[in-house]
Amino acid sequence: MWAARASGMLSHRCMAEAGRTMLRSSAMLWQTPSHRRRSTLAASFDTPPRTTLRCPPTAHFGWTTLHTPAELQALAHETITQGNVLLGKMLAQPAGSIRILEILDDLSDLLCRVADPATYIRQLNPNPEMQDAAMYISQTIGTFIEELNTHTPLYLAVKSVRDDPDFATRTDEERRTTIQLLHDFEKSGVSLPEDDQRKVVALCEDIQQLEFEFESRMLDVGTTRSLDGRPGSSMLRITPSNVTRVLPMVSSADDRLQIHHAAFVAPPEHLSTLQALLATRYSLARVVGFESFAEKELAHNMVSSPEQVQYFLRELSSGLQPRIEKEVSTLRGAQQSDGSGHVDGKLWAHDRPYYAHLIRQSEKDLCERGQDSTCSEYFSVGRCFEGINMVTKAVFGVTLRLGETNPGELWHPSVRKLVVEHEDEGELGVIYCDMYARDRKSDGPAHYSILNGREVRDEQGMAVGYQAPVVVLTCSFQPPQGSTPSLLSLPEVETLFHEMGHALHSMFGRTKFQAVAGTRCPLDFVELPSQLFETYARDFRVVSQFAAHYQTGKSIPEDVFRAAVEEERRFVALATVDSMIQSMTDQLFHSTDPLSRPTTDTLLKVQAEFNPLDFADTPLHVRYSHLCGYASAYYSYLWCQALASMIWTKCFRDDPLSRRSGDLLRKEVLSHGNARDPWEMVEGLLGYRPTVDEVVEGAISHWNDKDYDSR
């Protein structure tokens with residue numbers, strides 16, 4: 001629903017012959033050149049940013065009058081005042097009038113214009129006072145939204161649209177949006193007695209506050225210690241974000257265990273906050289008539305019940321067992337050769353980074369052909385944006401152009417503005433790219449909606465234009481230093497392409513209502529375009545067209561790229577196990593009464609079922625950030641990865657730059673947002689509607705196909 005989806009956005013959220021050097025698309029034939037010059041687009045990202053801005057550092061997106069926390073807080077109250085005016089206007093419409101939906105969407109747009117940027121500011125603005133002010137906006141607007149969710153006259157007005165005799169003549173989008181609105185009103189308890197409605201609003205406020213607390217306390221997870229635990233040794237802050245990079249340097253099995261524990265040390269109140277958050281969500285679900293929070297959240301997803309999600313995860317685990325066993329055997333071989341394992345002979349999950357590193361070091365010929373450090377020299381951030389631009393131009397007829405900025409528009413010197421232009425349709429939207437790490441910036445990659453696409457209508461409801469979408473892409477790559485650009489590992493390249501897939505989903509959306517625009521669709525569908533676009537970063541036919549050495553301009557050798565892909569895939573099944581553990585833990589957290597057992601016990605139960613390695617009783621879930629943005633839906637990454645694999649094979653595998661397939665993807669998927677049933681969109685690309693078992697088969701084929709990622 002417009003309100004429920006807006007509320008969800010407040011806590012955004014956010015994976016032909018091999019190796020031929022000639023790439024044939026439906027419109028052109030390209031040959032890989034031996035050297036490449038750097039474009040203006042690449043140079044912009046690869047050059048160290050200016051040290052000063054021409055505008056106040058607290059301004060955002062051209063909000064030139066909003067420089068202080070007080071001004072941000074005032075904006076929240078002004079927005080609610082305007083929202084109540086629109087609410088009165090909507091309720092004055094004749095019963096059954098389509099203007100009810102149109103004005104309701106005006107209200108949704110008004111709220112999201114403030115709430116969505118506030119989410120970004122809260123996560124990424126360097127000024128703590130601005131972060132606090134943005135949190136105030138999120139809470140204030142969030143409370144207003146929850147009150148609207150239980151507003152009976154509003155619900156009855158929307159219901160009158162559905163009950164109108166002319167409803168069958170409405171467009172598919174208008175009918176679907178109406179039905180979704182009613183479902184979401186009912187899911188929010190609009191039919192409950194007033195006392196229970198007030199309870200729902202209070203519970204939603206509590207959930208929002210607990211989510212804020214859980215997210216903020218994740219920054220405190222970790223410990224400062226030495227790698228060997230000896231006095232006088234150099235100290236290092238060990239966190240969940242860097243522990244897998246630290247462990248390969250530690251030869252002592254006991255030290256590795258201690259470092260693993262240290263990375264997940266959290267304040268005692270952190271787990272208490274999580275327990276309270278889960279309990280409050282459970283209470284909310286029960287009040288509005290669901291058995292669990294997962295049942296409530298999954299009701300209108302592609303996978304529409306906790307039982308279906310758990311079936312998908314267990315079938316996926318079963319299908320991957322042969323590859324999992326092979327990868328475990330490889331690790332055991334390294335453990336036996338090294339002789340530094342635990343005296344009990346166990347192979348611990350936290351030892352995997354160390355033994356994987358030993359294997360890389362032992363295969364000297366593979367290292368000489370170019371491992372990640374060598375491969376990264378061909379993937380500067382700027383070159384990757386060149387590649388993205390090349391793909392979007394070939395596949396969609398879209399160019400990424402550096403845009404001019406006005407005073408007050410950028411919040412950091414390293415931010416770049418890209419204008420997305422279609423060869424026939426003109427400007428589609430704007431993408432702000434905040435690519436580099438800095439103090440007080442969240443370290444996770446993300447896509448933030450700032451302004452959603454929608455029809456612009458006059459007072460009579462006549463369409464007079466289209467509101468172009470605006471989004472922010474954020475990553476935390478190391479910034480350029482002097483003449484050395486930011487160089488990305490292959491997984492980081494995939495991350496950048498993944499986030500750009502989200503941005504394109506937003507850019508191509510052309511819906512009447514902003515409440516269903518772009519990425520405002522079920523979480524187990526929203527990751528599909530991003531997972532599909534990520535595949536371009538693993539296809540040598542595409543990569544060879546843009547990856548070039550940052551010093552010489554020489555194109556990436558095929559063997560260097562294939563070595564990097566091979567290394568990334570070496571333990572892909574065990575990496576998938578990690579995702580399955582997080583997904584199942586998320587399901588169990590939200591499918592039962594959370595007070596029935598401690599959260600760590602639930603995690604250990606899932607580990608025992610899915611993890612083939614021995615595992616410590618470390619509370620890994622203290623850093624499960626998806627428990628806020630993707631509660632009950634973390635399985636979506638695995639689900640969409642499988643669907644993306646099936647679609648890539650059908651539409652792009654033989655010709656990754658096919659304009660025909662790109663136009664089909666846009667027509668069947670990217671333009672609709674949530675204005676069309678996700679299953680219908682998938683069927684439009686595949687030609688059939690797959691069962692859950694067929695999606696599982698698609699996932700297994702994805703990880704077992706040796707040539708898939710590097711053709």
Ion pair check, [X] and [Y], cut-off under 4.0 Å:
| X | Y | value |
| --- | --- | --- |
| Lys187 | Glu295 | no |
| Lys605 | Glu609 | no |
| Glu291 | Lys296 | no |
| Asp578 | Arg352 | yes |
| Asp109 | Arg113 | yes |

Do you know the tightest heavy-atom contact between Arg438 and Ser414?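 Smallest interatomic distance, heavy atoms only, reads NH1-OG, 4.3 Å.
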For [X] and [Y], test the side chains for any donor-to-acceptor distance below 3.5 angstrom and give the result as yes or no.
| X | Y | answer |
| --- | --- | --- |
| Asp524 | Tyr635 | yes |
| Gln258 | Asp255 | no |
| His505 | Ser530 | no |

Evaluation steps, ring pair (Phe, Tyr, Trp, His ring centres under 6.0 Å), between Tyr354 and Trp348: CA-CA 11 Å; Tyr354 174 74; Trp348 293 86; over 10 Å; no
N/O donor-acceptor pair under 3.5 Å between [X] side chain and [Y] backbone:
| X | Y | value |
| --- | --- | --- |
| Asn242 | Arg237 | yes |
| Gln197 | Leu192 | yes |
| Arg245 | Ser241 | yes |
| Ser304 | His300 | no |
| Asn149 | Ser188 | no |

Pairs flagged by ring-ring contact (aromatic ring centres under 6.0 Å, His included) wherever residues 581-622 is involved - sequence neighbours left out: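 For residues 581-622: Phe293-His590, Phe589-His621.
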Test: ring-ring contact (aromatic ring centres under 6.0 Å, His included). Region: residues 122-151. Which pairs qualify, not counting sequence neighbours?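 For residues 122-151, and leaving out neighbouring residues, the ring-ring contact (aromatic ring centres under 6.0 Å, His included) pairs sorted by first residue read His77-Tyr136.
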Between Gln582 and Tyr637, is the side chain to side chain donor-acceptor pair (under 3.5 Å) condition met? List the steps. CA-CA 11 Å; Gln582 292 188 50; Tyr637 288 95; over 6 Å; no
Residues Leu638, Thr576; criterion side-chain contact (heavy atoms from CB on, under 4.5 Å); working and verdict: CA-CA 8 Å; Leu638 293 171; Thr576 305; 3.9 Å; yes
What distance do Glu211 atom CD and Gln208 atom CD have between them, rounded to the nearest 0.5 Å?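 Answer for the CD-CD pair, Glu211 versus Gln208, is 7.5 Å.
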Using a 6.0 Å cut-off, check whether atom CD of Gln209 has over 12 heavy atoms from anything other than its own residue.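 Enclosed.
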With a cut-off of 6.0 Å (strictly less than), are more than 12 heavy atoms of other residues, nucleotides or ligands near CD of Glu129?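 Open.
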Taking side chain to side chain contact (heavy atoms under 4.5 Å, CB included) as the criterion, tell me which of Val622, Leu210, Leu278 meets it with Thr273.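 That would be Leu210; it is the only one of Val622, Leu210, Leu278 passing the side chain to side chain contact (heavy atoms under 4.5 Å, CB included) with Thr273.
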Run Phe185 and Tyr155 through ring pair (Phe, Tyr, Trp, His ring centres under 6.0 Å) and show every step you take. CA-CA 7 Å; Phe185 271 121; Tyr155 168 69; 5.7 Å; yes
Applying ring pair (Phe, Tyr, Trp, His ring centres under 6.0 Å), run through Tyr432 and Trp411 and close with a yes or a no. CA-CA 10 Å; Tyr432 291 95; Trp411 53 96; 5.7 Å; yes
Whether His502 and His498 hold their rings parallel, tilted or perpendicular, with breakpoints at 30° and 60°: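 His502 vs His498 ring planes: perpendicular.
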May I ask you to test the Thr585-Ile581 pair for a side-chain heavy-atom distance under 4.5 Å?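 When only atoms from C-beta onward are counted, Ile581 and Thr585 do touch, with a gap below 4.5 Å.
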